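In this text, all values refer to a predicted model and were calculated from it rather than measured experimentally.
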Amino acid sequence: MAALLNGIALHGGFLPCGAATFVAVDRMRPALRFAAMMKRQVIYFLTDGGLSPEEDGPAWLPVEQLASLRAMPNVAVFRPATRRETMECMELALERTNGPSLLTLCPFIPASDMAADASMPNAHPLTNLCARGGYVVADSPTLPRQVTLIATGQEVATARAAQLLLCEQGIGAALVSLPCWELFAAQKISYREQVLGTAPRIGVEAASGFGWERWLGQEGTFIGIDGFGENVTAGTRQVRNVTIEPEHIVARALEVLHAHGNGPAGTIGNRRHDDGDLPFPDTSSRSAALQN
């Protein structure tokens, strides 16, 4: 299918668009790379149902696909969180004519996520918030920022619920949505620092944490999935004893605050992943390699 879309793009006269499951991108990769090399506008809609709580649970566990796609040059990867972000990302994909764009969409939205989605502020109704790749969804209403939750896709609603719980406990928490890393990396450093802030950062995404170091920094923590595991049951998000839920994010935020000396007592989890294991045998050597 991806090769056919490339042929349509080369022929001209049509805007080629295709849809597939997320894990199918591995079969599309050669054609996708070729579209990026030729700088052809092709739009792909990928359903990340393999990690979403569908009726039958995930079948193929596409854990590493997001990280690998983000590493591909001249490919814009969009992972919108809400209906508004989906429309904004689609607008950006239509405007981007010098390379392929991928929109990863969740086909299933639990009722809890829809409620959290409805609670998100809408302070900029006429602005394409995704145009810069990332933005502050909601800041701490009264307290200075003590922790920053950074999420993409469906996990933004989950992180929003966690942010509200933290604010109820008197903790200044901010929520950042990062729908497109490529666009966010292209922004000025001043804007990125303004969005990410200087407080400890926690990344939340139902995928591999590979690459999140560039946004979380040395003291950041990632909550996600870094291994294959058992299928989830309907209505849950537990994979390999890893749970992405608001209460779990709050608990990790309290650990991070305690590690920095300004939070309640808890287990210190410096750069620890959600399953309690370090993502790399030697994180210091990996960070140095990335900086080089």
Side-chain angles (χ1 to χ4, degrees), residues 66-82 84-86 88-89 91-93 95-96 98-99 101-104 120-124 127-141 143-153 155-156 159-160 162-163 166 172-205 207-224 249 252-253 256-257 260 270-271 279 283 286-292:
L66 261 179
S68 64
L69 291 174
R70 287 168 175 159
M72 191 176 298
N74 196 33
V75 175
V77 181
F78 298 95
R79 191 164 190 256
T82 62
R84 171 177 175 168
E85 281 195 7
T86 301
E88 292 180 348
C89 291
E91 179 183 358
L92 295 171
E95 294 176 351
R96 186 174 186 268
N98 62 342
S101 301
L102 295 91
L103 277 75
T104 65
M120 292 185 188
N122 188 21
H124 307 280
T127 304
N128 189 325
L129 299 175
C130 297
R132 290 188 169 184
Y135 64 97
V136 179
V137 176
D139 216 330
S140 176
L143 300 173
R145 188 186 297 194
Q146 296 175 271
V147 63
T148 302
L149 306 179
I150 308 173
T152 72
E155 289 72 59
V156 172
R160 171 60 173 169
Q163 183 212 13
L166 289 169
L175 173 61
V176 171
S177 177
L178 216 61
C180 184
W181 288 20
E182 293 78 15
L183 291 179
F184 190 68
Q187 305 305 311
K188 294 181 179 180
I189 297 180
S190 58
Y191 176 77
R192 299 202 302 265
E193 292 178 345
Q194 175 187 355
V195 171
L196 298 177
T198 58
R201 305 165 186 170
I202 299 177
V204 184
E205 187 174 65
S208 170
F210 188 85
W212 271 89
E213 298 89 348
R214 66 187 301 188
W215 310 127
L216 300 181
Q218 295 292 330
E219 301 299 326
T221 300
F222 177 75
I223 299 176
I249 299 174
R252 294 302 304 277
V256 171
L257 290 174
H260 286 78
N270 185 27
R271 280 205 51 74
T283 56
R286 173 171 175 79
S287 299
L290 288 175
Q291 294 175 358
N292 296 331

Heavy-atom pair with the smallest gap, counting every atom of [X] and [Y]:
| X | Y | answer |
| --- | --- | --- |
| R79 | E155 | NH1-OE1, 2.6 Å |
| I202 | A253 | CD1-CA, 3.5 Å |
| A162 | L149 | CB-CD1, 4.1 Å |
| C130 | L183 | O-CD1, 3.7 Å |
| A159 | I249 | CA-CD1, 4.1 Å |
| G203 | L216 | N-CD2, 3.4 Å |

Donor-acceptor contact present, side-chain Q146 to main-chain G172, <3.5 Å: yes
Side-chain (R70) to main-chain (V77) donor-acceptor, under 3.5 angstrom: no
Heavy-atom check, side chain of F78 versus side chain of P179, under 4.5 Å: no
Qualifying residues under side chain to side chain contact (heavy atoms under 4.5 Å, CB included), relative to S140, sequence neighbours excluded: L143
Could you measure the distance from the [atom1] atom of [X] to the [atom2] atom of [Y]? Nearest 0.5 Å is fine.
| X | Y | atom1 | atom2 | value |
| --- | --- | --- | --- | --- |
| Q163 | D139 | CD | CG | 7.5 Å |
| S177 | R84 | OG | CZ | 11.0 Å |
| T82 | L129 | OG1 | CG | 9.0 Å |
| E88 | N128 | CD | CG | 4.0 Å |

ring-ring contact (aromatic ring centres under 6.0 Å, His included) against Y135, all qualifying residues, sequence neighbours excluded: none
Mutual orientation of the aromatic rings belonging to W212 and F222 [parallel < 30°, tilted 30-60°, perpendicular > 60°]: tilted
Would you tabulate the side-chain donor-acceptor contacts of residues 190-198 under 3.5 Å, counting partners in other chains and residues two or more places apart, or write 'none'?
residue: Y191; atom: OH; partner: G134; partner atom: O; Å: 2.7
residue: R192; atom: NH1; partner: A185; partner atom: O; Å: 3.0
residue: R192; atom: NH1; partner: Q187; partner atom: O; Å: 2.7

Residue that, paired with R201, satisfies side-chain contact (heavy atoms from CB on, under 4.5 Å) out of V256, T221, I150: I150
